[in-house]
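In what follows, a structure is listed as structure tokens, so that the remarks can point back to it.
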Number of protein chains: 2
Amino acid sequence: MVADAPALRRADWEPRPAGRSSAQTRPERAAERIAALAAATEPGDRLGTKDELRAECGVSVGTFNEALRLAQARGVVTVRPGPGGGLFASRQSPMVRLGNSVLALDEDTASVADAIRLRDALDPLLVEDALQHASRLDITAMRVELQQMHAAAEELDGTAFIHANWALHARIAAISPNAMLRSFYTSLLDLIESHVLSVQPVDGQPLPDYIRSRYELHAALVEAITEKDSDRALELIHEHNTTMATPSADEDLSAAVPSG
Amino acid sequence: MVADAPALRRADWEPRPAGRSSAQTRPERAAERIAALAAATEPGDRLGTKDELRAECGVSVGTFNEALRLAQARGVVTVRPGPGGGLFASRQSPMVRLGNSVLALDEDTASVADAIRLRDALDPLLVEDALQHASRLDITAMRVELQQMHAAAEELDGTAFIHANWALHARIAAISPNAMLRSFYTSLLDLIESHVLSVQPVDGQPLPDYIRSRYELHAALVEAITEKDSDRALELIHEHNTTMATPSADEDLSAAVPSG
DNA sequence: CGCCCCAATCCATCATGGTGAATTGCTGCG
DNA sequence: CGCAGCAATTCACCATGATGGATTGGGGCG
């Protein structure tokens, strides 16, 4: 029974790069054909019946249905029954276009440095939102995360510190009423964490002074948010994003670990 | 022949809100079931054969295949033939998670003000990248877009001015080597333009002074990029993002038109 | 003129059976 | 022990036929 295959076999659980190299599946190819046909017409134009389009794609009924399901999910066509029914070209909404363009990004082209840079640009917005919208509950929750950071700092546990750090940032992000901003930011955190931990697990002992000063910076940030001290908060987030380099001699660890 | 149905019938070409209210399709429901099963296990764990999972979902073979195609496209499962084969839980890559979370955003919750705010936060990054990477070709292209802006300003054509304005920004964005940044930014432009033109077409005559000063601001920005004058460029983009309000009395038009 | 009913069109889902490809594991041979 | 071949397992795609639901348009009636 292969249900106990080792979970650490990366090829098993990490999705293969799109389309087994050039061996693209037939439904996927047909879905692209449908999308191309839709793109060549105006939104709302009728493309034809399912059977006409299926013949155009040159696949069987079942395969075409799979392709159509994909195309519908991508928002490129809509389908209607009845006389004059069939497939109609559809315009993807801007949100769908954004989602699809992000999906089309290759993991290789999304470097962690790029992600960090984006995250840094978005941090001030989140701090502004937190200053404006943080409830008592939010502040309590931030304090809980701070305690986790503090505990990790006391135990000099680098991985735990990173997790707690990110949990704090995610919690701050959760305060924002801007759904787009939250979504982007949280996923950027996710991407950064994923990349860092997959590339270079934090094995070494983190520097005590560095980790303490990062903790204190975050604590001050939470206090500034609590006190609604806008200038201080923005100053701190700026410092946060520009003082990643550790003041001590060992640059290797801190350069590799984009701390929050 | 209904191939000539009026293209302006919005219900025809704008995708319906997800899932015809509560009437979710069966393949979509099965795909969610598959995703839930995958989420409940570790990445790499075997979920079972197609037929076992199909029985679990309670659908026919064809419907299950459609669902499976969706689930695979979403990166939640991978499929293998052979003894011990079948469906395996997969971990969505961070990029896929971001794409899916964006797709899950409701258009209503993505307000144009939110989008503008994000765009403004990302503008300085793009300007930095343009300063660093702009080729002669890029500069020529920016100049071409500037000419379009100038022509629109001379003719006092508000819509054309907006289009040219956005085309210039998109061209500046295209210089960046940061694929994520380009993707986000371009889609934000798309979203903003789409929203503004759908909500309030620009019918009124734009103010000559306002439109001229916006043009000149952009011209100065392009020159600063050309001269690689970092301080000047960043100063201009800051001015760009903080001086949208027209200096003249008619605030209605300019408030409604988030100009580039 | 408006509404209802019906017929025609087209789709969503179901069911069944088939071929060929890919994968895994075991056995036999050198 | 390593490699090749083979059998079994499982999937990808194909083909066909059926039922019920949704939609559109036309005709008839009040």
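Values below: all heavy atoms of this structure, side chains included; hydrogens, waters and symmetry mates excluded. Chain naming here is simple, since letters A, B, ... match the order of the sequence lines and numbering starts at 1 in each.
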* Structure fact -> Comparing nearest nucleotides in DNA chain D, the 5'-proximal residue of the pair A:Gly82, A:Gly62 is A:Gly62
* To do: Let me know the distance between CD of B:Glu66 and P of C:dA12, rounded to the nearest Å.
  => 8 Å
* In whole angstrom, what separates B:Arg69's CZ from C:dA12's P? -> 18 Å
* To do: Write down the distance between CD (B:Gln24) and P (C:dT13), rounded to a whole number of angstrom.
  => 11 Å
* Salt bridge check: are B:Glu28 and B:Arg69 linked by an N-O gap of less than 4.0 Å? -> no
* Structure fact -> Quick note, B:Arg46 side chain, CB onward, closest among D:dT10, D:dC11, C:dC14 is D:dT10
* To the nearest Å, give me how far apart CG (B:Asn65) and C1' (C:dC14) are. => 13 Å
* To do: Grab the CZ-C1' distance between B:Phe88 and C:dA22 for me, whole Å please.
  => 13 Å
* To do: Among the candidates C:dT23, D:dT24, D:dA12, find the nucleotide nearest to the side-chain atoms of A:Pro83.
  => D:dT24
* So does A:Thr63 get a side-chain nitrogen or oxygen closer than 4.0 Å to the phosphate oxygens (OP1/OP2) of D:dA12? -> no
* Asked: Say you draw a straight line from CD of A:Glu66 to OG1 of A:Thr25; how long is it, rounded to the nearest 0.5 Å?
  -> 8.0 Å
* To do: With the side chain of A:Arg80 defined as its heavy atoms from C-beta on, choose the nearest nucleotide among D:dT23, C:dC14, D:dC14.
  => D:dT23
* Structure fact -> When every non-hydrogen atom of A:Leu126 is compared with those of A:Ala173, the smallest separation belongs to CD2-CA, 3.7 Å
* To do: Between D:dC13, C:dT13, C:dC10, spot the one nearest the side chain of A:Thr49, thanks.
  => C:dC10
* Can a side chain N or O of A:Arg54 be found less than 4.0 Å away from OP1 or OP2 on C:dC11? -> no
* Asked: Any side-chain donor paired with an acceptor under 3.5 Å for B:Asp190 and B:Ser187?
  -> no
* Report yes or no: is the cationic atom of A:Arg80 (NZ for Lys, CZ for Arg) closer than 6.0 Å to the six-membered ring centre of A:Phe88, at no more than 45° off its axis? => yes
* To do: Quick one: label B:Gly86 by what it contacts on the DNA or RNA (base, sugar-phosphate, nothing), any heavy atom closer than 4.0 Å.
  => sugar-phosphate
* Using whole Å, report how far CZ of B:Arg26 lies from C1' of D:dG20. => 13 Å
* **Nearest-Å distance for atom pair CD/P, residues B:Gln72 and D:dA12** => 6 Å
* Structure fact -> Between NZ of A:Lys50 and C1' of D:dG21 the distance, given in whole Å, is 13 Å
* Which comes earlier along DNA chain C counting from the 5' end, the contact point of A:Asp51 or that of B:Val61, where each point is its nearest nucleotide? -> A:Asp51
* Asked: If you check every side-chain atom of A:Val59, which of C:dT13, D:dC14, C:dA12 has the closest atom?
  -> D:dC14
* Which nucleotide sits closest to the side chain of A:Pro81: D:dA12, C:dT13, D:dA22? -> D:dA22
